[in-house]
4 protein chains.
Amino acid sequence: MSPRRRDAEGTAAARAQRRAELLDTAARVFAERGYAATTIREVADAAGMLAGSLYYHFESKEAMVDEILAGFLADLWDAYDRVLAAGHDPRTTLRALVEASFDTIHRHRPAVVIYQNESRHLVLGDRFRYLGDARTRFREMWVRLLEEGAADGAFRSDLDVQLMYRFIRDSVWAAAGWYDPGGRLPPRAIADQYLAMFLRGIEPHPG
Amino acid sequence: MSPRRRDAEGTAAARAQRRAELLDTAARVFAERGYAATTIREVADAAGMLAGSLYYHFESKEAMVDEILAGFLADLWDAYDRVLAAGHDPRTTLRALVEASFDTIHRHRPAVVIYQNESRHLVLGDRFRYLGDARTRFREMWVRLLEEGAADGAFRSDLDVQLMYRFIRDSVWAAAGWYDPGGRLPPRAIADQYLAMFLRGIEPHPG
Amino acid sequence: MSPRRRDAEGTAAARAQRRAELLDTAARVFAERGYAATTIREVADAAGMLAGSLYYHFESKEAMVDEILAGFLADLWDAYDRVLAAGHDPRTTLRALVEASFDTIHRHRPAVVIYQNESRHLVLGDRFRYLGDARTRFREMWVRLLEEGAADGAFRSDLDVQLMYRFIRDSVWAAAGWYDPGGRLPPRAIADQYLAMFLRGIEPHPG
Amino acid sequence: MSPRRRDAEGTAAARAQRRAELLDTAARVFAERGYAATTIREVADAAGMLAGSLYYHFESKEAMVDEILAGFLADLWDAYDRVLAAGHDPRTTLRALVEASFDTIHRHRPAVVIYQNESRHLVLGDRFRYLGDARTRFREMWVRLLEEGAADGAFRSDLDVQLMYRFIRDSVWAAAGWYDPGGRLPPRAIADQYLAMFLRGIEPHPG
DNA sequence: GATGAATGAGGATTCATTCAT
DNA sequence: AATGAATGAATCCTCATTCAT
């Protein structure tokens, strides 16, 4: 690799790196205080710079959440698409999706918190229409999975599929509110216990 | 009862009634747009008056959420305390608590949404310390119940109790985000299906 | 007139009156310092209020210039249309138009200054497209008049009509830059001398 | 001449050349969007560099307009002084001054536009006091010329000399607003037609 | 000569709140 | 009870300018 090549890569990479750092900081602060209630100054403080300086890197406060949420969703769909491409049976697919979800919470905790708290409001603006699209695609995928599972006997068929979907969705994503990346339970352990509850409930099994 | 007395009561009642109406409106708007993102003017618009006029009824924006959340919590604990006073076994108690929760969502949907989205941030201010207290009391009650149930064989004992607690808490309260008071399923029907999932999971039962 | 009627009129009129006063002040300041270089605070200072208070009356700084310019143009076209409706010969029409122009400068001096200095830039924005339309209509009217006059022998026909148009337009409107409403020469006197120069030039006449 | 000397001259000339190019660009942008409304970044964009880079060449934004306006005025007075030094009669002098003016507009169009739009505001700052001086000297020269012409019968004496002065000044310089250096009419042709209108008006001559 | 990142002052605008009527 | 006008602090954002590289 020539020095020139390395240089070019160096600055482009450095810039991307800086953006990523700043977005991480912003995501943390937005998640902690709420997007609307967070001032640009608070983000800048947390990043160790002046409020105006953030505008060298980002167009606006809105552009920041946008990038945060879009990044999280892209990552999430990457993981989901890999799961779906494997073509497992419904039960295995559900396991894999829940595991992928907790992995994503692990890697994007603040983004997930923001998504949970703000997407309802943000989606009203043109810029965030994609949040609604993602929600729709998400729901369709899950509902299809649950219907297939109910049809082939993997899941109970006496329950409202929409309700099952919301139940799983809400309990998984709400976990971002308390998940601690450095905590006692790693994401897989949480996923396992959640799956145990999803699948067999909290009652002891007969036999 | 003297006419004077009746008058006084009449106006006091009328006043309380007006406050309640305005709080309902405010709760709806706060829930829809987020507390921080909602302006007093938007609340006033929804109530058919000018922004300044709200200050005849309430001291501040903060006083409004305060009253909204306090009202919801009072109602919730009323219901919970009745359940607990009945002294049922853990399984029956859990059923009753979940039913009471969905009833409360039915009656206080916007307040619950606000609580879900904002209590994390609000609790930092002195005025809302009681939110933290309620959270603590809530958690202690649930954890005790789940521990008792695990001890006496009503619930599985291979699961992390903290996780069970969060799982139930999150899935129930998150339902405020989509619950439709005029929708197809009444609160009890939703409670029943949620209980079915909590207790036995979504897998078909053997035998 | 009933008291109620008077009241209603009173407040509506009072409001319109206040707006007009504030616009007058704003126009004066914009004309003096240039629109872009003027801060809202300077306008507010000149109006004896705080910057934020102006936003009770106007949506934005842009809305202020908009209203100032639109008001001036409406007034101008009122006057022009009355002249054109009279159906005079070209020479008389030209006299009347120039007189009407100086009258308008007399009544809207700051607005004319703003128009002269800023319309070129403002017209680029969607909101001010009407400035371009007015300019076009203005040019077409004048060019038609000068062509008719040249055709029927009222005006010289050895000159470029576009040039004649610009010559008259520029010299008349530029007068807003120095016209003093309380000065020695009333608008009609200035119009007369300008007309003398337009029509016969500054050379003495033979014979 | 030593190589060193030539080098120094070479770089000095190159530097002057670069400055001139950048000033041309800046003048164009300032004229187009207005000085106050133009950002340094816009100038830099037009020059194909970054905003910060301009500060290698110029001390400040103000220094740029300063240099632009001073250059135009120096050039203008060069031309005027040559005319005045020739000692022609008033009528010939006026012709020559108007021609020189249009030549200057041809060479410094953006600077003239800036001068027209901004000198009123700029002159308030210490740095631009010379704009006021130039204006004064300019007026005195023209008024003296018109008075001499009126006295010796070259010009009409029934008109207000101040008004004649403003009339000529405004119509000539306002032409910078529409003059097109590559257009149909060369500066001399425009000067001729303007002189025809100044001197004899737009009415046909008797006889 | 030029870049990229940052500064810091200031500008338009918003908004909770006040208060005379 | 409610209105209309205003306040003043805070917010997002812009931009001329600096400076290490």
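Every chain is numbered from 1, with letters handed out A, B, ... down the list of sequences.
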Taking distance alone, no hydrogens or angles, what donor-acceptor pairs closer than 3.5 Å link side-chain atoms of residues 38-47 of chain D to residues at least two apart or in another chain?
| unit_1 | atom_1 | unit_2 | atom_2 | d |
| --- | --- | --- | --- | --- |
| D:T38 | OG1 | D:G34 | O | 2.6 |
| D:T39 | OG1 | D:R41 | N | 3.4 |
| D:T39 | OG1 | D:E42 | N | 3.0 |
| D:E42 | OE1 | D:T39 | N | 2.9 |
| D:E42 | OE2 | D:R33 | NH1 | 3.0 |

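- Across F:dT21 and E:dG1, the matching C1' atoms stand 13 Å from one another, rounded to whole Å.
- Sorted by first and then second residue, the salt bridge (Lys or Arg N to Asp or Glu O under 4.0 Å) pairs with a member in residues 120-130 of chain D read D:E62-D:R127, D:D66-D:R127, D:D126-D:R129; sequence neighbours excluded.
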Give every donor-acceptor pair under 3.5 Å between a side-chain atom in residues 109-118 of chain A and any protein atom, sequence neighbours left out.
| unit_1 | atom_1 | unit_2 | atom_2 | d |
| --- | --- | --- | --- | --- |
| A:R109 | NH1 | A:A176 | O | 3.0 |
| A:Y115 | OH | A:R135 | NH1 | 3.1 |
| A:E118 | OE2 | A:Y35 | N | 3.0 |

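- Remark: A:Y56 engages A:R15 in a side-chain contact (heavy atoms from CB on, under 4.5 Å) (not counting sequence neighbours).
- With a cutoff of under 4.0 Å to any heavy atom of chain B, the contacted region of DNA chain F is bounded 5' to 3' by F:dA1 to F:dG4.
- For A:H121, there are no side-chain hydrogen bond (donor to acceptor under 3.5 Å, both in side chains) partners, not counting sequence neighbours.
- Taking a pair as Watson-Crick or G-U wobble with both distances under 3.5 Å, DNA chain E forms stems of 3 or more consecutive pairs at E:2-21 with F:2-21.
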Counting primed atoms, P, OP1 and OP2 as sugar-phosphate and everything else as base, the B/S/- map of nucleotides 8-15 of chain E against protein heavy atoms under 4.0 Å is B--SSBBS
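- Scanning for side-chain hydrogen bond (donor to acceptor under 3.5 Å, both in side chains) contacts around A:H108 gives A:D75, with sequence neighbours left out.
- For A:E21, the salt bridge (charged side-chain N to carboxylate O under 4.0 Å, His left out) partners at least two apart in sequence or on another chain are A:R18.
- Here B:E32 pairs with nothing under the side-chain contact (heavy atoms from CB on, under 4.5 Å) rule; sequence neighbours left out.
- Minimum interatomic distance between A:I68 and A:F30 (heavy atoms only, all atoms of both residues): CD1-CD1, 3.9 Å.
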